[in-house]
Amino acid sequence: DQQVKQNSPSLSVQEGRISILNCDYTNSMFDYFLWYKKYPAEGPTFLISISSIKDKNEDGRFTVFLNKSAKHLSLHIVPSQPGDSAVYFCAASAQTGANNLFFGTGTRLTVIP
Amino acid sequence: NAGVTQTPKFQVLKTGQSMTLQCAQDMNHNSMYWYRQDPGMGLRLIYYSASEGTTDKGEVPNGYNVSRLNKREFSLRLESAAPSQTSVYFCASSQGQRSSYEQYFGPGTRLTVT
């Protein structure tokens, strides 16, 4: 049973516009959330994270928003650039216990020049 | 500084054959992980090693064994490969096991079992 869900397999956005990638989770014990980015034939690379004590974390063009009551988080990329074209994975963990990461199925973002 | 390296990059096995996937990191990280990625399933944790000398099962450990050979190396063994183990395998490492420590991933091994 998928505990972290990314319901949009793909997203296309014009260069310069905002990209919004969404993620939902079902396990209320999750309290730390991450986004990873993956290019073809490479391993995922860490992008940004957020703890459940916050509702927003920003790093340059990337902002992650967390809505705990809705068990929903989103990644905003502004402005989008062609180099942002990749697969984005949402991941979550519970910081008690094993701290293992549970990944979503990924969203393929295409930024059109 | 190579980060996390994996060998081989590609492998084709027949059902019932065995093989070992190798992983090494040069970042002096304590924790290491093996994941598999399947279409429509995201990455799933197979086994992890929180520190040298320890290993634990993840979400999908059946059919696999692991060895933390030393602090640098963490291998994944398939004793009797099955078509259901066709997947892309990623090794990762992190400074510690807490999820706030960034995990660094290798480039992956694409395994096909026929």
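Each chain gets a letter, A, B and so on, in the order its sequence line appears, and its residues count up from 1.
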Can you establish whether the number of heavy atoms outside [X] located under 6.0 Å from its atom [atom1] is more than 12?
X	atom1	result
A:Lys5	NZ	no
A:Arg17	CZ	no
B:Arg110	CZ	no
B:Arg77	CZ	yes
A:Lys68	NZ	yes

Just verifying a value: how many Å separate B:Arg44 CZ and A:Leu101 CG, rounded to the nearest 0.5 Å?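 One gets 15.5 Å once the value is rounded to the nearest 0.5 Å.
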
Side-chain donor/acceptor of B:Tyr33 to backbone N/O of A:Asn100, under 3.5 Å: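 No, the answer is negative, given that no donor and acceptor are paired below the 3.5 Å cut-off.
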
Locate the shortest heavy-atom distance separating B:Met41 from A:Gln2; write the atom from each residue and the value.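 In this case the closest contact between B:Met41 and A:Gln2 is O-NE2, 3.7 Å.
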
Over all heavy atoms of both residues, which pair between A:Phe103 and B:Leu43 is shortest? Give the atoms and the distance, please.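 Distance-wise, the nearest heavy atoms are CB-O, 3.5 Å.
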
B:Met32 with B:Tyr104, same ILVMFWY side-chain cluster at under 4.5 Å: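 No; B:Tyr104 is not reachable from B:Met32 via cluster members.
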
I'd like to check B:Gln103 versus A:Tyr36 (side-chain heavy atoms, cut-off strictly below 4.5 Å). Are they in contact?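 The answer is yes; the side chains approach within 4.5 Å.
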
A:Phe102 side chain near B:Glu59 side chain, heavy-atom distance below 4.5 Å: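 They are in side-chain contact.
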
Under a 4.5 Å heavy-atom cut-off, does chain B meet the side chain of A:Glu42, its backbone, both or neither?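 It is the backbone, since no side chain atom gets that close.
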
Checking heavy atoms, do the side chain of A:Phe46, its backbone, both or neither come under 4.5 Å from chain B?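 Both parts, backbone and side chain.
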
